[in-house]
Amino acid sequence: MALLVARNLTKHFDGLTANSNIDLEVPEGSLFAIIGPNGAGKTTLFNMLSGFLRPTAGVIEFAGVEITAMRQHKIAEMGLIRTFQLVQIFQGMSVAENVEVGFHLRTRGGITSALLRPRWLRRQEAEIRAKARELLDFVGLGQQAEMNAELLPYGQQRLLEVARAMAAEPRLLLLDEPAAGLNTHETDALAKIIQQINARGVTVLLIEHDVGLVTRIAHRIAVLDFGCKIAEGTPEEIKQHPDVIAAYLGTEAAHA
């Protein structure tokens with residue numbers, strides 16, 4: 001069953017077509033990847049799927065509900081959570097506090113409760129702290145929990161973003177180039193974490209430049225070029241697809 005469906009998704013910017021008539025179905029429980037060269041329209045597509053951009057045309061459905069014109073926070077509340085291409089760390093906060101922020105979609109309370117601090121609020125805060133530590137352990141950052149998040153090396157900041165996104169309890173996690181700027185060791189660690197997230201029952205949709213990473217972990221891959229989807233299939237099918245070879249992978253990758 002498809003958890004996320006896009007039909008004829010199109011986006012124009014002042015006469016420039018960033019995406020054109022893209023159809024996409026992401027099965028629930030899958031690890032689905034989108035690849036393509038720079039300027040292929042991957043991030044624009046992600047921005048439409050997550051509510052950051054309104055499509056010029058087309059329809060998006062999530063869990064059977066049309067979300068095409070829905071606001072970002074409403075989409076997130078439904079369980080569609082994303083990370084961003086550029087690392088976004090909350091400055092002046094610890095690593096643990098950065099993750100705790102991610103729980104705000106699943107908590108209750110207001111100004112009155114914040115002032116009076118009833119027992120249920122204190123219990124909720126304790127639960128959030130414990131869950132944040134569990135997520136940090138999950139991504140390998142448990143020892144850095146009290147460290148200023150800004151002082152983390154870049155690769156660990158990437159992992160922190162993943163932990164914060166998981167705090168929102170996603171049903172579908174959109175990862176926007178999570179391996180950008182990572183070395184081989186960090187990429188291997190990230191690949192295992194993404195697979196473990198998927199094994200927990202979270203559907204994962206990622207866009208990525210690292211073809212080796214994608215073909216190693218994805219169940220299915222869609223390929224964009226010049227704003228259009230030119231291919232979709234299993235990793236082996238994609239590596240052998242002539243249009244993909246011509247547009248992106250190159251002949252050497254096809255025989256890897």
Side-chain angles (χ1 to χ4, degrees), residues 2-14 16-20 22-26 28 30-34 36 40-91 93 97-111 128 131-132 135 149 157-178 180 194 197-198 201-208 222 224 227:
L3 179 60
L4 180 70
V5 178
R7 298 292 185 205
N8 301 313
L9 214 54
T10 299
K11 183 62 179 179
H12 300 308
F13 293 104
D14 297 324
L16 175 67
T17 301
N19 290 136
S20 179
I22 293 178
D23 290 336
L24 197 68
E25 290 192 8
V26 179
E28 185 158 21
S30 68
L31 205 170
F32 198 109
I34 299 172
K42 303 184 298 298
T43 296
T44 299
L45 177 60
F46 249 38
N47 286 339
M48 288 190 289
L49 295 176
S50 56
F52 283 79
L53 283 177
R54 290 280 183 90
T56 304
V59 175
I60 307 167
E61 294 182 359
F62 176 64
V65 177
E66 184 176 345
I67 61 171
T68 314
M70 193 177 291
R71 293 182 180 274
Q72 302 165 28
H73 71 278
K74 291 295 184 182
I75 294 174
E77 287 172 1
M78 290 179 64
L80 193 159
I81 306 296
R82 69 167 293 180
T83 64
F84 292 85
Q85 189 173 352
L86 299 176
V87 174
Q88 297 186 349
I89 298 298
F90 291 109
Q91 298 184 359
M93 298 173 64
E97 288 168 340
N98 264 266
V99 177
E100 291 167 14
V101 169
F103 285 97
H104 77 281
L105 284 175
R106 305 291 178 236
T107 57
R108 61 192 179 99
I111 294 176
I128 286 174
K131 289 179 180 179
L135 286 172
Q157 289 187 7
R158 282 281 184 189
L159 296 178
L160 175 56
E161 280 206 316
V162 172
R164 188 171 59 206
M166 286 295 291
E169 300 178 4
R171 186 172 177 183
L172 172 61
L173 179 61
L174 276 61
L175 299 173
D176 191 348
E177 298 194 19
I194 293 173
I197 289 171
N198 185 236
V202 178
T203 305
V204 178
L205 176 62
L206 72 150
I207 58 177
E208 186 52 65
L224 301 187

Does Ile60 form a side-chain contact (heavy atoms from CB on, under 4.5 Å) with Leu4? I'd like the steps, not just the answer.
CA-CA 7 Å; Ile60 307 167; Leu4 180 70; 4.0 Å; yes
Apply side-chain contact (heavy atoms from CB on, under 4.5 Å) to residues Arg164 and Gln88 and explain how you reach the verdict.
CA-CA 11 Å; Arg164 188 171 59 206; Gln88 297 186 349; 4.2 Å; yes
Show the numbers, then the answer: is there a side-chain contact (heavy atoms from CB on, under 4.5 Å) between Leu174 and Leu172?
CA-CA 7 Å; Leu174 276 61; Leu172 172 61; 3.4 Å; yes
Given side chains that start at C-beta, do those of [X] and [Y] come closer than 4.5 Å, heavy atoms only?
X	Y	result
Asp23	Asn8	yes
Ser50	Leu80	yes
Leu3	Val26	no
Leu24	Ile34	yes

Minimal non-hydrogen separation, Ala149 against Ile89, with atom names
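That would be CB-CG2, 3.5 Å.
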Which atoms form the tightest heavy-atom contact between Ile75 and Met70, and what is the distance?
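Answer, listing the atom of Ile75 first, then Met70: CD1-O, 3.6 Å.
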Determine whether Val162 and Ile194 satisfy the following criterion, side-chain contact (heavy atoms from CB on, under 4.5 Å), listing intermediate values before the conclusion.
CA-CA 9 Å; Val162 172; Ile194 293 173; over 6 Å; no
[X] side-chain N/O to [Y] backbone N/O, donor-acceptor pair under 3.5 Å:
X	Y	answer
Arg54	Ala69	yes
Asn19	Thr10	no
Thr83	Glu161	no

Answer yes or no on whether Lys42 is positioned over the face of Phe46, meaning its NZ or CZ is under 6.0 Å from the six-membered ring centre and within 45° of the axis.
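No cation-pi geometry.
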